[in-house]
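Remarks on the structure that follows.
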Amino acid sequence: MKFSKICVLGLGYIGLPTASTFAMHGLLVVGVDVKRNIIETLQRGELHIHEPGLHNIVKQALASGNLRVSLKPEEADAFIIAVPTPFHEDKTADLSFVRSATQAIVPFLRKGNLVVLESTSPPQTTEQVVVPLLEKTGLHAGEDFLVCYSPERVLPGKILHELVENARVIGGIDAASARAGAELYKTFVRGEIIQTTATTAEMVKLMENTYRDINIAIANEFSRLAEQFDVNIWEAIQIANLHPRVKILNPGVGVGGHCISVDPWFLVEKAPELTPLIKTAREVNDSQPAFVARLVQEALGGTVEKKKIGVLGLSYKANVDDIRESPAIDVVELLTDLGAEVKAYEPNKPEAVINKGNVNHSLAEAVNDAEMIVFLVGHSPFKAIEPAYIATISSARIVIDAVQVLDADKWRNHGFTVIKLGDGKFPKSVS
Ligand code: SAJ
């Protein structure tokens, strides 16, 4: 099957890199988003999201004429749906964006087209939600047009590299669909391309993120045990990981972002009686911000009321600007609810808006009159912060490192009391 023009619906963290990469490999690409401000931002040559290298490639793709952005889809050889799948209050998948993007394709669907769903979705969404909507055209899936599910599996922060180099799963509603999908992604994918069924591909995506969630949950639980038994968890994990069949991940503030903290629920939703482990792991990770807030509380003598706390990092993980489902924000909100006066700073999104607590535009503003500084995200530039500099701009002498970002000895040498999550010293180190 030959593809010369494609339409990518959804210009977020996945759709925009995908559209630009196809355009840079010679395809004519119409990038579609329903948000007018996103289209106008891109048309001005600016970007509405932060991802290393993305601005460059988007600018080049637009300048080449191969990438156009628009509010509406148009006829094309293939359509790729890369819209968000958030969850409702009750943790069930909100497929409204998948539905509306699929419906937007309907007027433009022609015989011989390929439709690919990339959005993370509960098992059987492609066959039970997308296909019936597309068949409203009167055309028949498998006979008149082809349908695939191909999950994105790229890591925020490394999207452009992983988009090309990662193995790519293409799940077809039939073998011809899978073959066509493989042909399309061969345009730029250098990793292995594996063809399977649509529902297997949906499961693969959910299983990968669920596996990681469970692994992080056990690391978080180990960090709590470490405090109980006076063990430094970082040392213990490092030693355990020398075993050839053990690979424990890192404890932290909790699991955030729009993927790992959401996707496992899609399995729980479809089969609650079969997924007690998955559900418990989610609950462990969701309760980690409260554990970190308690660490802060204990370090300040049992109460944070009226205490001034400078918080560094609000994004859901290191070196990204994405603050969706961020456990760092949960910590800030918990501390604010407990009466603390929190001033936060997120270097990748200094203008971030949060419901509780204040966001400052600079590191200095966030820490100047603080009694304690709390590192909640392991951003690379935080590693380079000089304790000598902080000692001159802040009155705080207690520092909490929840993400293993500081050289504790160096900070201690400059007169700081440093408490690390999982260092087995909670809360005795400040007593
Ligand atoms: N985290 C820990 N400890 C760790 C690793 C991560 O606490 O050892 C936390 C992070 O701080 C963050 C959360 O987990 O809050 C998730 O971060 P992440 O880097 O593990 O993953 P995401 O959500 O950025 O991207 C994941 C990736 N999935 C897997 O690695 C299996 C990525 O490949 C997927 O494409 C992405 O989800 C997605 O879009 O589904």
Side-chain angles (χ1 to χ4, degrees), residues 10 12-18 49-52 82-87 93 118-122 149-169 191 201-224 233-234 237-238 240-241 247-267 281-282 284-289 291-292 313-331 348 375-380 382 402-405 421-422:
Y13 284 94
I14 301 305
L16 187 57
T18 304
I49 48 179
H50 169 87
E51 172 64 28
V83 294
T85 38
F87 55 19
E118 284 202 14
S119 312
T120 307
S121 304
Y149 178 76
S150 181
E152 54 76 15
R153 298 144 93 206
V154 289
L155 194 70
K158 287 190 184 171
I159 291 180
L160 291 173
H161 172 79
E162 292 206 348
L163 199 59
V164 173
E165 302 297 337
N166 282 5
R168 183 106 207 175
V169 187
E202 288 164 344
M203 275 292 287
V204 166
K205 168 71 193 185
L206 297 174
M207 283 161 52
E208 289 167 352
N209 279 355
T210 301
Y211 164 78
R212 194 160 168 85
D213 195 41
I214 291 173
N215 195 338
I216 298 168
I218 204 166
N220 283 333
E221 216 160 75
F222 287 156
S223 77
R224 301 173 195 181
I233 200 59
W234 303 97
I237 290 178
Q238 201 182 11
N241 282 349
K247 178 75 190 86
I248 303 164
L249 289 170
N250 296 321
V253 178
V255 169
H258 213 58
C259 312
I260 299 190
S261 69
V262 176
D263 301 355
W265 290 115
F266 294 174
L267 294 172
R282 275 287 63 246
V284 168
N285 286 333
D286 278 352
S287 63
Q288 189 71 356
F291 182 72
V292 173
L314 286 175
S315 59
Y316 85 92
K317 69 170 186 177
N319 304 321
V320 299
D321 74 335
D322 193 346
I323 59 168
R324 292 176 300 175
E325 316 285 338
S326 171
I329 292 180
D330 291 343
V331 175
N348 293 330
F375 284 85
L376 293 180
V377 181
H379 290 311
S380 304
F382 287 170
V403 281
Q404 189 73 341
V405 69
L421 170 80

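All ligand and atom numbering here is 1-based and tracks the order in the structure.
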Salt bridge present between Lys158 and Glu165 (N-O < 4.0 angstrom): no

- prompt: For Asp330, what residues pass the side-chain contact (heavy atoms from CB on, under 4.5 Å) criterion, not counting sequence neighbours?
  reply: Pro289

task: Only one of Ile14, Asn209, Thr85 passes side-chain contact (heavy atoms from CB on, under 4.5 Å) with Thr120; say which it is.
output: Thr85

query: Do any N or O atoms from the side chain of His379 and from the backbone of Ala318 form a donor-acceptor pair under 3.5 angstrom?
result: no

- line: Looking only at heavy atoms, the pair that brings Leu314 and Ile323 closest together is O-CG2, 3.8 Å

message: Please determine whether the number of non-hydrogen atoms from other residues, nucleotides or ligands lying under 6.0 Å from atom CD1 of Ile218 exceeds 12.
response: no

message: Can you work out which protein residues put a heavy atom within less than 4.0 Å of ligand 1?
response: Glu152, Arg153, Val154, Leu155, Pro156, Lys205, Glu208, Asn209, Arg212, Ile216, Leu249, Asn250, Gly254, Val255, Gly256, Cys259, Ile260, Asp263, Tyr316, Lys317

